[in-house]
Amino acid sequence: MNVPLLDLTAQYRTIKDDVLTAMISVAESQRFILGEEVQTFERAIAALSGSKKGIGVASGTDALLLPLKLLELRPDDEVIVPSFTFFASAGAVVNAGGTPVFVDIDPGTFNVTAEAVEAAITPRTRAIIVVHLFGQMARIEKLAPLAERHGIPLIEDAAQAIGARRRIDGEWRMAGETGWVGTLSFFPTKNLGGYGDGGMILTQDEGLADRLARYRRHGGAKDYHHDEVGTNSRLDALQAAVLLAKLPSLASWSAARRERAGRYSASLAGIPGLTPPVVDEGNEHIFHQYTIRAVRRDTLRAFLADREIGTGLYYQVPLHRQPCFAGIVEGRPPLVATDQAAGEVLSLPVYPELTDAQQDWVIESIRTFYAHH
Ligand SMILES: *Cc1c(COP(=O)(O)O)cnc(C)c1O
């Protein structure tokens, strides 16, 4: 039985009419840059994410890059960032002129801890990037006060965590609402994916939101008038229209991912050599990825591939091991939990359209593997 890691065509079949109607309406209007769809979408996502403002930009990478640009980093300015994340989290730091300082993760949740971040703070630290990895929030109630105590802006990279939340002192906190800014990606494979690139910056600071909204259109509020040198990084009206058509499904998609994840964790518990993902107490996980730790991971992966089961290696080569960062990690402390995770993680198919039969095939195949290997 074929079980792809993700099946976007299965999703498309369920929403095709709404999405095509939305796309046609943009085509009929011939208004493609910013405009009403983008504004409506920005307001909807800000509300969903507990934020005052959302600024639609060209990608999740630019959502990180634009706020970092405002910090006017110099080469010896440091930005703390996990090594166990997608490349963009650190690439944006370099493109903004600064130097990433990689920190280790908690082996259970794969998220950074306040302790690791605190140990990496120096007088040169200009920002902290926290990634809510795989769809569950890091312990923001510890990280935010730490950043505040040191007067360092906190950036929440919530590209994988749209709509994820965490109960703190009896109240829900949304991914992206607590930091100086939060950032989202609408890359097609994210939980809310467009039909191309897209991203958003979230903030509670209206002055900052206005500045970022100018910055994404060459630093001017009006055409041909420039207050500062910005860039061109806007969410397309077509993407906003597609995303608005998909948005009403997001809550049920996240619930379906949680249900699939619960089914995996119940069925895979107790297999020696396999550790299901840990959900930190207080978190509502959206399972962008369902990532197990597995001994003999690469053999298991090949075994599953033979049975037409797709899996992912997020992240096989952590950022501190990337050739492009070799110079900046020289002499830094080792990242033991990150290296260990890189050798053990395996992401399984967890999308809402995954059928019971497909999931049973994945579970049965994993059981068979560990019964014989
Ligand atoms: C996807 C992703 C990004 C970048 O988003 P793009 O829209 O692909 O530019 C940044 N950070 C993390 C953690 C991501 O998963």
Side-chain angles (χ1 to χ4, degrees), residues 5-6 8 38 41-42 45 49 54-69 79-96 100 102-103 105 109-112 127-138 140 143 154-164 175-176 179 181-202 216 231-236 238-240 242-243 246 254 257 285-291 312-320 322 325 338 341-342 345 347 350-351:
L5 177 60
L6 179 64
L8 286 175
V38 172
F41 183 62
E42 286 173 339
I45 296 299
S49 303
I55 303 100
V57 293
S59 67
T61 302
D62 273 7
L64 291 162
L65 180 62
L66 268 55
L68 285 166
K69 281 274 196 188
V79 176
I80 295 173
V81 60
S83 167
F84 198 67
T85 178
F86 178 62
F87 184 78
S89 311
V93 172
V94 176
N95 281 323
F102 296 114
V103 291
I105 47 165
T109 60
F110 306 112
N111 277 327
V112 294
I128 297 167
I129 299 177
V130 167
V131 181
H132 300 309
L133 203 71
F134 298 152
Q136 78 169 319
M137 285 177 67
I140 201 74
L143 291 153
L154 178 72
I155 298 173
E156 291 182 74
D157 181 346
Q160 301 184 5
I162 186 170
V181 293
T183 67
L184 299 172
S185 164
F186 307 113
F187 186 78
T189 62
K190 298 286 156 81
N191 284 31
L192 182 65
Y195 288 3
D197 278 310
M200 194 173 290
I201 306 163
L202 302 165
R216 73 177 165 183
T231 186
N232 174 2
S233 181
R234 299 175 288 232
L235 184 67
D236 284 344
L238 260 174
Q239 297 308 332
V242 168
L243 291 160
K246 291 178 72 170
S254 295
R257 283 171 178 269
H285 202 313
I286 61 157
F287 286 99
H288 174 60
Q289 300 294 346
Y290 181 89
T291 303
L313 296 180
Y314 310 116
Y315 294 92
Q316 187 177 19
V317 183
L319 301 187
H320 73 286
Q322 297 291 344
F325 295 136
T338 296
V345 287
S347 297
V350 75
Y351 43 95

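Atoms within each ligand, like the ligands themselves, are counted from 1 in listed order.
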Looking at side-chain heavy atoms only, is the closest gap between Val131 and Val112 below 4.5 Å? no
Leu66 versus Val57: any side-chain heavy-atom pair under 4.5 Å? yes
In Tyr315, Phe84, Tyr314, the residue satisfying ring pair (Phe, Tyr, Trp, His ring centres under 6.0 Å) with Phe110 is Phe84
State, with a plain yes or no, whether a side-chain heavy atom of Phe187 is found less than 4.5 Å away from one of Phe86. no
Heavy-atom check, side chain of Gln160 versus side chain of Thr85, under 4.5 Å: no
Could you pull out every N or O of ligand 1 that sits under 3.5 Å from a protein N or O, with the distance for each pair?
residue, atom, partner, partner atom, Å
ligand 1, 5 (O), Ser185, OG, 3.2
ligand 1, 7 (O), Gly60, N, 2.8
ligand 1, 7 (O), Ser185, OG, 2.6
ligand 1, 9 (O), Gly60, N, 3.3
ligand 1, 9 (O), Thr61, N, 2.8
ligand 1, 9 (O), Thr61, OG1, 2.5
ligand 1, 11 (N), Asp157, OD1, 3.3
ligand 1, 11 (N), Asp157, OD2, 2.7
ligand 1, 15 (O), Gln160, NE2, 2.8
ligand 1, 15 (O), Lys190, NZ, 3.1

Decide yes or no for Ile286 and Arg257: does some side-chain heavy atom of the first lie under 4.5 Å from some side-chain heavy atom of the second? no
